[in-house]
Amino acid sequence: MNKIKNAFTTLPIHHKTILLIGLLMLISFTFYASVLRYVFSIYDRQIYEKSSQVLNMSSVGIENQLREISNLSFKVMSDEPLQQYLLQLKKAETGYEKNGLRKKITNRLVAYAGSEKYVYSMLFIDNDNNVMAAGNREGISESKQKELVALGQQYSGSNAWHTSGDKQSRLLSVRQVKSFIGGAFTLEDLGTLIIRVRLDRIVQDQMQEPAEDSQLLITDGKEVIYPTESSVSEAEIESELKRTQPYGIAMLEQGRHFVARAHSSYTDWTYLYTTPFDQMFKKIQFVKQLVTVIFIMIFLAALIIGARFSRSITHPIAQLIKKMRNIEKGDLDKLEEAALGNVPISPQNEVGLLHRTFKMMLQRIRELIDENYAKQLVIRETELKALQAQINPHFLYNTLESINWLAKVQKQRQISEMVEALGFLLRSSVNMSEKWITLERELDIVRSYVTIQRTRFEERLDFDMEIAPEVGTARIPKLTLQPLVENAIHYALEPSIDPCRIRIRARAEGDKVIIEVEDDGPGMTPEFLEQLHEGRIQTRGQGIGLSNIQERIRLTFGDEGGMVMSSKPGSGTVVSISIPWIREDDDDVQSDARR
């Protein structure tokens, strides 16, 4: 392999091109042949599926009709008047009485046979070997009668199919008639019922979209049941029955045929469906040969064109390599355009485009170096201005402490409470190192916010909390409840002049913590609530919107957490948050907080 690899590496480009083109074309031809073979196998499979579909639907229809014939023979056998006539016939002594009863039996058979499309005739053979017929009057030989009576006795009252009839009705339904007394059959033999079936008419009615020149054959393994005159010989049928696959191509006297096979579990017959193969594949074989010839011509043309093409590019590429080596030794900062040499003028020439692209690449590199240097200067200047514009949070806290101290000195308790609440609120909001806090700390933030808002709304703001003691140490994402209280004030308290009650409830349910923020404000319409869920309502001020809180809960807890808002006009609004109960000492929370 190493020798072959080294020999290929040392070959000239045009030799490599010819070799690669030839190899690719051979691989393509092999792939084409494999795909073509696979396509033909798929086509064979589709033909089989179509033939199998026709066979299955036709065989099911045929067998359903045969079941109807079997049911008909049972119906005739159990016919009450017919049973009475047969019992009377067995006991009759005079010939006159027997002839009258045989006529009545014949009339009953005529009543049944006359309304059946697929019944050629209906015969009854009594115990004295007298034949009573309805329908076609063509008789049955004495030897055949004995054979059929013996067959009926063999099946002892069950339906038996006999496939050695005449050409008109090759299929016979044979059933021994037993006496039917008191709703139950006895072992007393009353005769034999024979129904000559029009199998050819059944097949014609049940064939499903037969293909042109196709043929359906039915055989019991010994002889052909349908059609009575078949163009397929018994030897050819026997050969198809021995085939392991349910379909295939057979060489018959009429030529190659595609043959599909299906077996019936009801009658133990085999259905064969033959379709002329050459007629189906004549155009496909022509296309296959044509494509093969065209592929060979393309293969030869590709070799010739590849050789000429490879020679046309080797010389210009060699010149470009020389220029690149000269540039490799030079200084990029002092590179002059003339160092590249003459550039081909025509933009249609790929080698000329390669020259031009190489030159433009070097020019672009110089431009990027200058541009990057200028951007670095701008970035540093921007960072400096941003640092200068930052406000020291400690300076702001110290200022608030000074205001608080002055308010206490002046005995302005309300101002002092507002300043303390504002300072606590700012510290809690600015401190971004903590993503998780306890429910108690989150409620402290809410209290500070409510303290500030009470100064504005006074007695109109009625706020209280119902917190279960055990959930106080539960961990929740920071700034989850304060935005909900803020939204309650905006949408429930501000639009009205009446007092508004805002309540926070927290309780444990199993391994979850349920937190509810409820107000008795004017509520929201279903349309407004839907827009709020979809984030189409702009949040007032610069606060955190409901969609932001809901998204944080989803990202933090996945399917285990959720937020539900319910509201009706005039009934207030309730926002319910359900999150897993994470205690203060859980390692998962601490690791998440560090992240």
Side-chain angles (χ1 to χ4, degrees), residues 59 62-80 82-83 85-87 89-91 102 105-106 108-109 112-113 116 118-136 138-199 202 218-226 228 234 238 241 263-271:
S59 61
I62 292 171
E63 291 175 3
N64 288 337
Q65 294 300 326
L66 294 180
R67 287 187 176 93
E68 292 294 330
I69 298 296
S70 177
N71 294 335
L72 176 63
S73 68
F74 179 82
K75 185 177 180 181
V76 174
M77 180 186 71
S78 59
D79 183 71
E80 186 174 352
L82 185 62
Q83 284 278 330
Y85 298 152
L86 292 175
L87 290 172
L89 179 63
K90 192 171 184 180
K91 297 177 182 179
R102 290 190 183 104
I105 293 172
T106 302
R108 292 301 299 172
L109 295 178
Y112 280 105
E116 295 296 329
Y118 301 123
V119 173
Y120 190 73
S121 63
M122 193 176 293
L123 300 91
F124 184 81
I125 304 175
D126 62 13
N127 293 331
D128 295 331
N129 293 325
N130 294 305
V131 179
M132 288 147 277
N136 187 276
E138 185 176 348
I140 299 177
S141 63
E142 293 183 4
S143 60
K144 180 64 69 175
Q145 291 179 18
K146 293 180 181 179
E147 180 182 353
L148 295 177
V149 170
L151 179 63
Q153 293 175 351
Q154 178 183 352
Y155 279 80
S156 184
S158 299
N159 182 71
W161 294 108
H162 185 75
T163 59
S164 298
D166 52 28
K167 293 184 179 181
Q168 293 293 337
S169 54
R170 193 169 185 81
L171 181 63
L172 303 176
S173 171
V174 182
R175 187 187 293 268
Q176 185 184 27
V177 179
K178 299 286 188 177
S179 62
F180 189 73
I181 302 175
F185 288 101
T186 66
L187 298 177
E188 187 175 0
D189 183 13
L190 300 180
T192 304
L193 176 65
I194 302 170
I195 300 177
R196 303 170 70 188
V197 183
R198 290 183 177 270
L199 183 59
I202 294 177
I218 305 175
T219 177
D220 60 358
K222 299 178 180 178
E223 58 181 343
V224 177
I225 302 173
Y226 176 85
T228 55
E234 294 183 359
E238 183 179 356
L241 294 178
H263 184 75
S264 169
S265 59
Y266 171 66
T267 57
D268 200 28
W269 295 346
T270 301
Y271 293 81

Contact summary for L151 and A160, nearest pair of heavy atoms: CG-CB, 4.0 Å
Any T192 side-chain heavy atom under 4.5 Å of R175 side chain: no
Atom pair NZ (K75) and CG (N71), whose distance is rounded to the nearest 0.5 Å: 10.0 Å
N/O donor-acceptor pair under 3.5 Å between Q83 side chain and M77 backbone: yes
Separation of F74 CZ from S158 OG (nearest 0.5 Å): 10.0 Å
Minimum side-chain heavy-atom gap V197-I202 below 4.5 Å: yes
Atom of N130, atom of M132 and distance for their closest heavy-atom approach: O-CE, 3.7 Å
D126/K90 ion pair, N-O < 4.0 Å: no
Within-4.5 Å side-chain heavy-atom neighbours: I125 and I194: yes
Verdict with supporting geometry, L66 and W269, side chain to side chain contact (heavy atoms under 4.5 Å, CB included): CA-CA 12 Å; L66 294 180; W269 295 346; 3.5 Å; yes
Cation-pi check, R67 onto Y266 ring (under 6.0 Å, within 45° of axis): yes
Side-chain heavy-atom pair I69, W161 within 4.5 angstrom cut-off: yes
Euclidean distance, I195 CD1 relative to F124 CZ, rounded to 0.5 Å: 12.0 Å
Minimum side-chain heavy-atom gap I105-L86 below 4.5 Å: yes
Inter-residue atom distance E147.CD - E142.CD, 0.5 Å rounding: 14.0 Å
Sidechain-backbone polar pair: R196 side chain, S121 backbone, donor-acceptor under 3.5 Å: no
Residue pair L190, K178: steps toward the side chain to side chain contact (heavy atoms under 4.5 Å, CB included) verdict: CA-CA 6 Å; L190 300 180; K178 299 286 188 177; over 6 Å; no
Student check: side-chain heavy atoms of V119 and L72 closer than 4.5 Å: yes
From I62 atom CD1 to L199 atom CG, the distance as rounded to the nearest 0.5 Å: 6.5 Å
Under 3.5 Å donor-acceptor, S73 side chain and S70 backbone: yes
N/O donor-acceptor pair under 3.5 Å between T106 side chain and R102 backbone: yes
Side-chain donor-acceptor pair present, D189, Q176, cut-off under 3.5 Å: yes
Any side-chain heavy-atom pair of K144 and H162 under 4.5 Å: yes
R108 bridged to D79 by N-O distance under 4.0 Å: yes
Interatomic distance, Q145 atom CD to L123 atom CG [nearest 0.5 angstrom]: 8.0 Å
Pairwise side-chain contact, L193 with L109, heavy-atom cut-off 4.5 Å (strictly under): yes
